[in-house]
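Step one of this worksheet: look at the structure below.
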Amino acid sequence: MDNRYDIAIIGSGPAGISAAINAKIRNKKIILFGSKDLSAKLIKAPKINNYLGFYNVTGEELKNQFQRHMDSMGIEIVNERINNVYAMGDYFTLMVNEKMYEATTVILATGVEYTKPLSGEEKFLGRGVGYCATCDAPLYKGKIVTIVGYNKEAEEDANYVSELAAKVYYVPMYKGEYNLRSEIQILQDKPVEIQGDNFVSKLILKENEVDTDGVFVLKDSVPPAQLVPGLEIEEGHIKVDRLMKTNIPGCFAAGDCIGKPYQYIKAAGEGQIAALSAVSYLDS
Ligand SMILES: Cc1cc2nc3c(=O)[nH]c(=O)nc-3n(C[C@H](O)[C@H](O)[C@H](O)COP(=O)(O)OP(=O)(O)OC[C@H]3O[C@@H](n4cnc5c(N)ncnc54)[C@H](O)[C@@H]3O)c2cc1C
C-alpha cells in the first residue's frame, strides 16, 4: 500500500526524535507524531548538565538543538494526537479522531504523566470518564461535560465539545490565559474526586461540587494500555525486552513510558534501539 509508513513514531520527546533520526538514516519511510514544542518536559527544564556534549544548557536550548538536527535531516513533526493504535496483523492503524494512518511498525515514545489519576478516574473510565474529548463528544450531545485540562490543547477540545454539550465546565490545571468560548464556565479549583453510581454523576472539587454527565481528563499523554489495546504493562510502564520489543510483534517502545530513570539521554538511547529493532523487523 502506497500511503503505508514503514515506522510510525508516537511522541516527539528525545526518545521519539532519536528513533526518527535513526530510522531516517536507515532509509525508512517514517511519520513522527507529536507537538511543535517537541516535549513540554524539555522546554520546562531550567538547567541540564547530564546530556553528553551539552553542558549547562536550558531545556529550551536543547530543544532548539534537537529541532536543528531534525531540520537538517528533513524530519517534520505531524502535530496530531494519536487516540488509538490497533494491531491489524501485519500492520497497525493509528487513529486521530476519524482520521486514520497505517504503518507496518510502531514506536511508542509517549513519555509519562507525573500526576496521579484523580480518585474515581480509573473506576469510571468508559462510564463517563474519557481521555479523548473530541472522539467521545457526540455521546454528550445536550449533556453536561467537565473538562480537566492539563495543557492549552485541551482548550480547543473544550471549545469543540461546547458546540454539542448543553453545558461545559473547564478546570484548568495550569496558569495563563484561556482561549475559551464565552459559554464555557471556568472553575479555578482543584479536582478531588469523580463520583457516581454506575455512571459519572458528579465532580467534587476542593471548593465546589458540580453535577456532570462526563469528565474528560486531558493530559500530554494517555495511559499506554488505553492507547494500544492488548499492550502488556508492568508496574505502570510498557513492558519491553532489551531490544525495546513489546508483547505485540512490530510494536516497540522507548523513553519514560518504559520505565525509570526518567532522563533525556536514556530516552534518546532507547529511541535508537527501538528504531534499529523496527528496521530489523521490517527487513526480516
Ligand atoms: C522540569 C523538568 C526538568 C528535567 N530535567 C532533566 C535533566 O536535567 N536531565 C534529564 O536527563 N532529564 C530531565 N527531566 C526528565 C526528562 O524530561 C524526561 O526523562 C524526557 O523528556 C523523557 O523523554 P521521552 O521522549 O520519553 O518523553 P517526553 O519528553 O515526555 O515526550 C513525549 C512526547 O510525546 C507526546 N505524546 C504523548 N502521547 C502522544 C500521542 N498519543 N500522540 C502524539 N503525541 C503524543 C507528548 O506530547 C510529548 O511531546 C526533566 C523533567 C522535567 C519535567
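In listed order, ligands and their atoms are each counted from 1. Because the structure is a prediction, the values reported are computed rather than measured. In what follows, residues are counted from 1 in the order of the sequence shown.
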Close approach of D37 to ligand 1, heavy atoms, under 4.0 angstrom
no
Taking only non-hydrogen atoms of Y51, do any sit less than 4.0 angstrom from ligand 1?
no
Are K266 and ligand 1 in contact, using a heavy-atom cut-off of under 4.0 Å?
no
Students should find that the hydrophobic cluster of L276, defined by side-chain heavy atoms under 4.5 Å apart, otherwise consists of none
Output yes when the distance from some N or O of ligand 1 to some N or O of I82 is under 3.5 Å, and no in every other case.
yes
Give a yes or no on whether K206 atom NZ has more than 12 heavy-atom contacts from other residues, nucleotides or ligands under 6.0 Å away.
no
Is ligand 1 less than 4.0 angstrom away from at least one heavy atom of E270?
no
Can you confirm, on distance only, whether ligand 1 has an N/O atom lying under 3.5 Å from any N/O atom belonging to A15?
yes
Are any of the N/O atoms in Q263 less than 3.5 Å from those in ligand 1?
yes
Taking distance alone, with no angle check, do R81 and ligand 1 share an N/O pair under 3.5 Å?
yes
Quick check on L42 - does any of its heavy atoms sit under 4.0 Å from an atom of ligand 1?
no
Holding to salt bridge (Lys or Arg N to Asp or Glu O under 4.0 Å), I want the full list of residues that pass it with E113, two or more places apart in sequence or in another chain.
none
Mind checking whether S221 has an N or O less than 3.5 Å away from an N or O of ligand 1?
no
How about Y51 and F66: are their ring centroids closer than 6.0 Å?
yes
Regarding atom 28 (P) of ligand 1: of the candidates S39, A19, G59, which has the closest heavy atom?
S39
Pair K99 + E80: basic N to acidic O under 4.0 Å:
yes
